[in-house]
Number of protein chains: 2
Amino acid sequence: MQNAPLSRSEQLLFLTDEQLRQGIEMMFFAYRGFTAYPDKILETYGYGRAHHRAIHFVGRKPGLTVNTLLDILGVTKQSLNRVLRQLVNDGLIDSRVGTKDRRQRNLYLTESGLALEKELSDAQRQRMRKAYAAAGPNAVQGFRTVLAAMIEPEVSTLVRDLLRGAET
Amino acid sequence: MQNAPLSRSEQLLFLTDEQLRQGIEMMFFAYRGFTAYPDKILETYGYGRAHHRAIHFVGRKPGLTVNTLLDILGVTKQSLNRVLRQLVNDGLIDSRVGTKDRRQRNLYLTESGLALEKELSDAQRQRMRKAYAAAGPNAVQGFRTVLAAMIEPEVSTLVRDLLRGAET
DNA sequence: TTGGAAAGTCAACAAGGCTGACATAAACTG
DNA sequence: CAGTTTATGTCAGCCTTGTTGACTTTCCAA
């Protein structure tokens with residue numbers, strides 16, 4: 001099994017298939033570890049990762065519309081709606097008719113929604129903080145640079161703005 | 001909403017909640033983008049991500065036992081068995097009775113299994129290669145350091161060895 | 001005023017997790 | 001050798017979360 005000839009930038013990076021494979025596997029294990037603890041918290045509430053994602057992004061951009069959330073999450077409206085309905089019924093998310101465009105629904109976290117959001121994001125931030133602290137500032141910079149390059153290709157402008165922390 | 005006082009290493013890193021949050025979201029989008037193309041390939045074969053994982057790790061450690069694979073994947077044997085049965089029936093994986101311990105099954109990719117494994121990992125390596133090339137060597141080193149720190153906490157020795165590229 | 005976008009709903013289905021129960025063969029142990 | 005443990009496989013049933021398709025209601029905008 002021969003590797004293909006290396007391009008110039010690959011030569012500079014010494015990117016062997018072995019190293020790439022290791023990166024791939026690390027992504028798998030890191031992502032799993034990364035979601036493990038929030039998953040456990042959610043379970044006690046009878047929720048899943050889909051609920052977490054909805055809560056997270058509603059907390060991130062209070063007042064966002066359902067369509068915006070659909071764009072961010074990349075799932076079907078039926079799929080999102082099921083989760084959203086639960087969260088609204090359970091009083092974690094407030095769905096208000098839009099003032100400018102009354103077809104739209106603007107989504108907000110209620111007080112208890114905020115509480116759960118905080119519990120989940122505290123857990124995840126703590127893990128991230130520990131990894132960052134163990135790896136050091138330079139590594140963190142590199143980590144972010146690679147992730148950004150990995151995300152770049154096909155993500156919507158909306159998501160790009162979200163990651164940049166832009167106001168909408 | 002005040003941030004908790006920063007520890008010494010956090011002060012050195014300037015780890016604001018905002019930056020951590022950004023890291024968290026990047027993990028989400030990066031992982032999604034990372035699995036998107038393999039998912040599309042798998043769909044044409046009628047397989048899912050679970051099949052991909054099985055094929056990947058069998059390709060990675062030819063002859064591994066079912067128990068080892070269970071440890072790596074962290075799912076139940078029933079869940080794995082469903083997927084494995086399909087792959088064996090479809091002739092992508094060969095399940096051979098162990099020679100030392102005849103209770104065990106040693107798993108190998110067949111020729112067509114190897115072909116699919118290559119197709120999938122080529123796709124993923126290409127994405128990883130592009131991100132690495134765009135980010136540069138220093139960033140790559142940092143990326144790996146942070147991911148390693150993120151994985152560290154609770155992973156089994158087996159997985160740690162796997163990532164180190166150890167022979168078993 | 002009418003066409004179409006935004007949102008919601010119902011139904012049906014599939015993948016892939018899970019638990020529990022049980023079967024079999026092989027290995028180990030007293 | 002008998003009994004227990006281990007490795008694996010399998011059946012049944014459940015849950016979450018994704019999918020498509022069809023349809024309704026609301027309501028903005030041309």
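Just so we're on the same page: letters track the sequence lines, and every chain starts at 1.
Spacing between atom CG of A/D71 and atom P of C/dA6 amounts to 12 Å, rounded to whole angstrom units. B/L107 has its CG atom 13 Å from the C1' atom of D/dG9, to the nearest Å. Separating the CG atom of B/N81 from the P atom of D/dG9 is a distance of 5 Å, rounded to the nearest angstrom. At whole-Å resolution of the value, CZ in B/R85 and P in D/dA12 are 11 Å apart. Between B/L84 atom CG and C/dA15 atom P there is a gap of 17 Å when expressed in whole angstrom units. Look at CD on A/E43: it is 12 Å from C1' on C/dT19, rounded to the nearest Å. Separating the CG atom of B/D39 from the C1' atom of C/dA15 is a distance of 12 Å, rounded to the nearest angstrom.
Using a 4.0 Å cutoff on non-hydrogen atoms, the parts of residues 94-106 of chain B near DNA chain C are B/K100, B/D101, B/R102, B/R103, ordered by number.
Of the residues A/H52, A/R49, A/R32, the one that meets the side-chain hydrogen bond (donor to acceptor under 3.5 Å, both in side chains) test with A/D39 is A/R49.
B/R60 places a side-chain N or O within 3.5 Å of a backbone atom of B/L162 that can act as its donor or acceptor partner.
Distances shorter than 4.0 Å separate none of the side-chain N or O atoms of B/N67 from OP1 or OP2 on D/dT6.
A donor and an acceptor atom, one from each side chain of A/D90 and A/Y47, are located under 3.5 Å apart. There is a side-chain donor-acceptor pair under 3.5 Å between B/R144 and A/Q22.
Using a cut-off of 4.0 Å between Lys/Arg side-chain N and Asp/Glu carboxylate O, A/E18 and A/R21 are scored as salt-bridged.
Under a cut-off of 6.0 angstrom, the local environment of OH in A/Y108 is crowded, with over 12 non-hydrogen atoms contributed by other residues, nucleotides or ligands. Around the CZ atom of B/R160, the shell of radius 6.0 Å holds more than 12 heavy atoms that belong to other residues, nucleotides or ligands.
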Expected rows: protein N/O vs nucleotides 14-21 of chain D N/O, under 3.5 Å:
residue : atom : partner : partner atom : Å
D/dT17  : OP1  : A/R49   : N            : 2.8
D/dT17  : OP1  : A/A50   : N            : 3.3
D/dT17  : OP2  : A/H51   : ND1          : 3.2
D/dG18  : OP1  : A/R53   : NH2          : 2.4
D/dG18  : O5'  : A/S79   : OG           : 3.4
D/dG18  : N7   : A/R82   : NH2          : 2.4
D/dG18  : O6   : A/R82   : NH1          : 3.3
D/dT19  : OP2  : A/T76   : N            : 2.7
D/dT19  : OP2  : A/T76   : OG1          : 2.8
D/dG21  : O6   : A/Q78   : NE2          : 2.9

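The shortest side-chain heavy-atom distance between A/I41 and A/E119 falls under the 4.5 Å cut-off.
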